[in-house]
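Input: a single structure, listed below in structure tokens.
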Amino acid sequence: IGLLDYLGYIFNLISGLIILLSGLILLILPGQIKGINFLQLLSIIGLGFFFIVVALFVLYQNFSLKSAQLISRVIQKKP
């Protein structure tokens, strides 16, 4: 597990959390806007859910590095 793997892990973590936060803000946003019509409401909520799904996909990319770290610990313990 090299330096680029850790940099990719950190990049995925930060970008995933930012996208997740943006999606959650988009879900809260329609309650704060006065005079919003139904089509705008659906599009903002749909975009919020899309951002959340993209964020979960980006964060899912980090599982392989965590698995590799756990497996390397187990392999190194055995003689």
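Keep in mind that this is a model prediction, so the values were computed, not measured. The residues of the chain are indexed from 1 along the displayed sequence.
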In chain order, what residues pass the side-chain contact (heavy atoms from CB on, under 4.5 Å) check against Leu39, with sequence neighbours excluded? Asn37
Suppose we screen for side-chain contact (heavy atoms from CB on, under 4.5 Å). Which residues come up paired with Ile71, at least two apart in sequence or across chains? Ile75
Quick check: do Leu59 and Asn12 have side-chain heavy atoms less than 4.5 Å from each other? no
Only distances under 3.5 Å count here; give the side-chain donor-acceptor pairs of residues 20-32 to other protein atoms, sequence neighbours excluded, each with its distance to 0.1 Å.
residue : atom : partner : partner atom : Å
Ser22   : OG   : Ile18   : O            : 2.9

Considering all heavy atoms of both residues, which atom of Ala55 and which atom of Gly16 are nearest to each other, and what is their separation? CB-O, 3.4 Å
Could you identify which residues cluster with Leu3, counting Ile, Leu, Val, Met, Phe, Trp and Tyr as linked when any side-chain heavy atoms lie under 4.5 Å apart, either directly or through a chain of such contacts? Leu4, Leu7
So which residues get pulled into Phe63's cluster when ILVMFWY side chains under 4.5 Å apart are joined, directly or through others? Tyr60
If a pair satisfies ring-ring contact (aromatic ring centres under 6.0 Å, His included) and one of its residues is in residues 1-58, list it, with sequence neighbours excluded. none
Within this structure, what is the CG-CG distance for the pair Leu42 and Leu47, rounded to the nearest 0.5 Å? 12.5 Å
